[in-house]
Amino acid sequence: VPDLVDDGSPPFWRQHARCVVRSIAENIPPGRPLVLVAHSGAGQLLGVLGPVLRDAGYRVAAEILADAGLPPGGRSRLEQLGDDIPGVADDLKDALDDGAPFPSWDEETLRSLVPDDGRRQRLRDELRMQPVSYWVERIPTSVGWPDAPVGALIFSDRFAGTGEAAQEHGWPVRRLDGDNHFLALADEQLVADELIDLTAQIVEAGSS
């Protein structure tokens, strides 16, 4: 899981994509097939990572939207939310107007989602408030995306729309009960098993 760092100014998507590529280059030798698993807002990067990774000598064998949004196709994060989840977009606009963090994962909300105290604290320590420029910058999507077989693993109601869009595209989709966006921190074995099974399904579907 790469750390997505930036200098506080746009384009954030380019800096974050570089973080992903750098992390892969530091840990995985070129030539090996990759399965990119994007959680939450990281799904927006899938539309730009393929060409960069190919240039670095990697082959993306599959991409998985793990409770994540689709690449926005040139829209901003705010525009994408407005199109896909209007209620969440309204909450975001209110938060930006008030200078409040978004989403506001407070201790009470997170306790039921991530029961382990240590993991919950690490999660809260890593949460960063993003400036307005982060939400309104436009994120490109490569012309050839998707350039690898894609599937979706949905485990919260917020990203049900991703699952529906994936079905419309004919991509393999799996759904888990519980409405927990941080399920990987609460039951990592369940999520890992589902990702492995889904990867096999995606690769098989892509080769048929």
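We're numbering straight along the sequence, starting at 1.
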Practice task
Show the numbers, then the answer: is there a side chain to side chain contact (heavy atoms under 4.5 Å, CB included) between L78 and K93?
Solution key: CA-CA 8 Å; L78 182 56; K93 291 175 184 176; 4.0 Å; yes
For the pair [X] and [Y], find out whether any cationic side-chain nitrogen is under 4.0 Å from an anionic carboxylate oxygen.
X: R120; Y: D117; answer: yes
X: D147; Y: R54; answer: yes
X: D6; Y: R128; answer: yes

Side-chain heavy atoms under 4.5 angstrom apart, residues restricted to Ile, Leu, Val, Met, Phe, Trp, Tyr: same cluster for [X] and [Y]?
X: W105; Y: L185; result: yes
X: L45; Y: I28; result: yes
X: M129; Y: L96; result: no
X: L153; Y: V173; result: no
X: V21; Y: V60; result: yes

Would you check if [X] and [Y] make a side-chain contact, meaning some heavy-atom pair closer than 4.5 Å?
X: V5; Y: C19; answer: yes
X: R174; Y: I154; answer: no
X: R138; Y: E79; answer: yes
X: R59; Y: P33; answer: yes
X: V88; Y: L92; answer: no
X: P149; Y: V203; answer: no
X: P10; Y: E137; answer: yes
X: V37; Y: V35; answer: yes

Rounded at 0.5 Å granularity, tell me how far [atom1] in [X] sits from [atom2] in [Y].
X: W135; Y: F12; atom1: CH2; atom2: CZ; result: 11.0 Å
X: Y134; Y: I139; atom1: OH; atom2: CD1; result: 7.0 Å
X: E63; Y: L46; atom1: CD; atom2: CG; result: 4.5 Å
X: L195; Y: E188; atom1: CG; atom2: CD; result: 12.0 Å
X: F155; Y: L190; atom1: CZ; atom2: CG; result: 9.5 Å
X: I64; Y: I202; atom1: CD1; atom2: CD1; result: 4.0 Å

Minimum heavy-atom separation for [X] and [Y], please, with both atom names.
X: D7; Y: Q15; result: N-OE1, 2.9 Å
X: S112; Y: T109; result: OG-O, 3.1 Å
X: L110; Y: R124; result: CD1-CG, 3.5 Å
X: T162; Y: A68; result: OG1-O, 2.7 Å
X: L113; Y: N180; result: O-ND2, 2.9 Å
X: D116; Y: G118; result: OD2-N, 3.1 Å

Handout entry: Donor-acceptor contact present, side-chain N27 to main-chain S23, <3.5 Å
Key =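 Yes, N27 side chain to S23 backbone: donor-acceptor pair under 3.5 Å.
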Practice task
Could you tell me whether a side-chain N or O of Q80 sits under 3.5 Å from a main-chain N or O of L70, the two making a donor and an acceptor?
Solution key: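 Yes; at least one donor-acceptor contact below 3.5 Å.
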Any chance [atom1] of [X] has more than 12 other-residue heavy atoms, nucleotides or ligands included, within less than 6.0 Å?
X: R111; atom1: CZ; value: yes
X: D98; atom1: CG; value: yes
X: D3; atom1: CG; value: no
X: E108; atom1: CD; value: no

Practice task
On the 0 to 90° scale, with breaks at 30° and 60°, tag the H181-F159 ring pair as parallel, tilted or perpendicular.
Solution key: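 Answer is parallel, since the angle falls under 30°.
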Handout entry: Cation-pi, Y58 ring and R32 (6.0 angstrom, 45 degrees)
Key =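 Here R32 fails the 6.0 Å and 45° test against Y58.
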Exercise for the section: Show your working on side chain to side chain contact (heavy atoms under 4.5 Å, CB included) between L36 and L53 and close with a plain yes or no. Expected result: CA-CA 11 Å; L36 301 180; L53 288 168; 3.9 Å; yes
Exercise for the section: Answer with yes or no whether the side chains of Q201 and D197 bring together a donor and an acceptor at under 3.5 Å. Expected result: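 Distance-only check fails for D197 and Q201.
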Practice task
Applying side chain to side chain contact (heavy atoms under 4.5 Å, CB included), run through L81 and D90 and close with a yes or a no.
Solution key: CA-CA 9 Å; L81 281 173; D90 291 340; over 6 Å; no
Exercise for the section: Please assess V150 against W145 for the test side chain to side chain contact (heavy atoms under 4.5 Å, CB included), listing each intermediate value before the final yes or no. Expected result: CA-CA 10 Å; V150 180; W145 192 87; 4.2 Å; yes
